[in-house]
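See structure below.
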Number of protein chains: 2
Amino acid sequence: MADQKVYQASTTAPVNIAVVKYWGKRDAKLNLPTNSSVSVTLSQADLRTHTTAACSSSFTEDTLLLNSSSQDVSGPRTQACFRELRSLRAALEESNPSLPKLSTLPLRIVSENNFPTAAGLASSAAGFAALVRAIANLYELPSSPTDLSRIARQGSGSACRSLFGGYVAWQMGWKADGSDSVAVEIAPASHWPTMRALILVVSAEKKGVSSTSGMQITVGTSGLFQRRAEIVVPKHMAEMEKAILEKDFQAFGKVTMMESNSFHATCLDTFPPIFYLNDVSRAAIRVVEDINREAGKIIAAYTFDAGPNAVIYYEEKDTEAVAGVLNGALGNLDGWQSRNIKAQSTSALDARAVQVLKDGVARVILTQVGEGPIRIEESLIAANGEPIKK
Amino acid sequence: MADQKVYQASTTAPVNIAVVKYWGKRDAKLNLPTNSSVSVTLSQADLRTHTTAACSSSFTEDTLLLNSSSQDVSGPRTQACFRELRSLRAALEESNPSLPKLSTLPLRIVSENNFPTAAGLASSAAGFAALVRAIANLYELPSSPTDLSRIARQGSGSACRSLFGGYVAWQMGWKADGSDSVAVEIAPASHWPTMRALILVVSAEKKGVSSTSGMQITVGTSGLFQRRAEIVVPKHMAEMEKAILEKDFQAFGKVTMMESNSFHATCLDTFPPIFYLNDVSRAAIRVVEDINREAGKIIAAYTFDAGPNAVIYYEEKDTEAVAGVLNGALGNLDGWQSRNIKAQSTSALDARAVQVLKDGVARVILTQVGEGPIRIEESLIAANGEPIKK
């Protein structure tokens, strides 16, 4: 009887929210983008994917279980990640014949998110980052996060940025094989640890257009898109990196908001047009503008991904003026208690916008800049190879 | 005692709705645009301004009464129109001393719209076109509509297009004095008389940003705007003129929709962003897409100006499939009866979008392509110079 030992390793990986947006591929198979992007990694205490990767000759095929639900692994994206990681392991095994031949064994991946999928938060980034990091741990690969980002990118473009904590750039690269399209750290979370994020989760609305197909329709039909990719984003990249290195929230906030608007403008300029912002999103923009007007400077910055949820960045010192004021205006919602936010009263917010938010926001998530993937002992797979029911 | 005769002349002038949009000035004082534009003139049976211009030595100052409400005429835009028209009259008087010296007399202008101002329809175009045309009639100027468009443009940019019927281009021009920034006819209404327009008037929402100030903020802050002005619009201008000359509704509709989206995309890319489209507008876009999908081709085309109202162009032969289907979906609203539209039932429209429209559309206006300003005898000023109360 062959060795039926179950090898395994676990990790957690974070969500990231872009402040310079990824939208458009120059190579759809390799997930090579038309422009570079920047994100802030969010704390895993609030939002994370926990993944255990195991392999064993007792397994019959590669499988993936996400939140107790079996996922298809036959798609080209997951297959690309498995293939590249196995190839790195096989090279290790070849150079050191004493290593167990894990590269030939079926993989079992078990993943859980600590946030509801229904929240509409881009979970694929954390998911693919955790999958790649967990298998790299299982295979004991010496690869750097940047090396692994090249693999995770092929699973989901923005996943490459979730292999780092703090402030992360995805350099678009220029090579046809994608070898220079990787994530790098601009600054660790400790460089600017006071960055906070408040997410207004908008009540469910069926998502009209997936980001994967949507971005390619934009590339193909928007007359404005090329200007964004060639002129606008390179300018925003330079401004954003400088703002982060100098911890300049005024500049960070302005670029963040203009970037979100530029991205959604190219969505609207798509034919047929793609709308991710709705009236609730517009109301969130309005109250952020009101908060900044009241402060006399930019202390809050909105950004929106491929959906109506608003992510509002602010600094810890402005917690009362941002989160406190929003708590005072929006009142009782799940989420405020997590960080002990005190409601502040104000007359600075547009009453109509506040009413639209009250009607349309389902919950808030309060979080902050955080670390990259963390290797942990807690496993989602038992020693006998069976997934652990929670 | 001096001659106290009241000289007067009257006209009506139409509303026009752009299919290639004007947004952005290269000279704010002269209302010189950053790009050319195209509009369809709408029938005055449904939407028109009626204006009487009078002058008399019995008047003490220049005045303007709009819908029985006194308007300020001291602004530079109205003053520019008065000055230019008086200058043309003065030249006539100089060459023919037998003419009465009207150019020196105070003007009294009385205007009435046959549509509610609250409908949010761009009434300034019809208003300034009627003002300029009425004074030109009063002064018996030999000026062509294109000559007068140069003057009306200084009152309100898009007013220059309301001096013609049918299909009208506003050529941006290049000269610093604006002398080549004028309206010209692409084709008269009789060339393509089957063009219909259906306006979904969205329930009142306070307009956030005036188009006059909004467009200059776009020029100053949007990273995408320059591409629209320099690349996108010139392409759309050529495509639109060809579509009109060939009466090709497929091409007309596609450019109309892409143009509207491109314009609103640059509004969204403004900082702070300008939103004219709301969830009701989005629902209108959705049902037009559904109508076209059901037809298997473009038979309806949406466009939006600086507000949430949808203008939907279609051809007479598709009345049932467009207006009939919308009547069937939206049900009882003011407006359908004006053209005897029969409600058609269909399952092709997204139910959620239909509900948003039912909740958000206040009335419909059904109209069609129409003629330019019409000189009429009906006067709004009595022989003694007093405004006629209606």
Quiz item: Among A:His236, A:Gln226, A:Lys254, which residue forms the greatest number of heavy-atom pairs with chain B at distances under 4.5 Å?
Solution: A:Gln226
Quiz item: Above 12 or not: heavy atoms from other molecules or residues under 6.0 Å from CD of A:Glu320?
Solution: no
Practice problem: Please look at B:Ser260 and chain A and tell me whether the side chain, the backbone, both or neither of the residue comes under 4.5 angstrom of a heavy atom of that chain. | Solution: neither
Quiz item: Do B:Pro273 and A:Glu289 have side chains that get closer than 4.5 Å, going by heavy atoms?
Solution: yes
Quiz item: With respect to chain B, which residue among A:Leu268, A:Ile285, A:Val280 yields the maximal number of heavy-atom pairs within a distance under 4.5 Å?
Solution: A:Leu268
Practice problem: Taking the side chain as every heavy atom from C-beta outward, state whether B:Val232 and A:Asp269 have any pair of such atoms under 4.5 Å apart. | Solution: no
Quiz item: For A:Thr270, is it the side chain, the backbone, both, or neither that has a heavy atom closer than 4.5 Å to a heavy atom of chain B?
Solution: backbone
Practice problem: Sort out for me which of A:Met257, A:His264, A:Arg227, A:Lys235 touches chain B most, counting heavy-atom pairs under 4.5 Å. | Solution: A:Arg227
Practice problem: Hey, could you give me the CZ/CG distance between A:Phe275 and B:Leu277, rounded to the nearest 0.5 Å? | Solution: 5.5 Å
Self-check item: Backbone N/O of B:Leu224 and side chain of A:Arg228: donor-acceptor pair under 3.5 Å
Solution: no
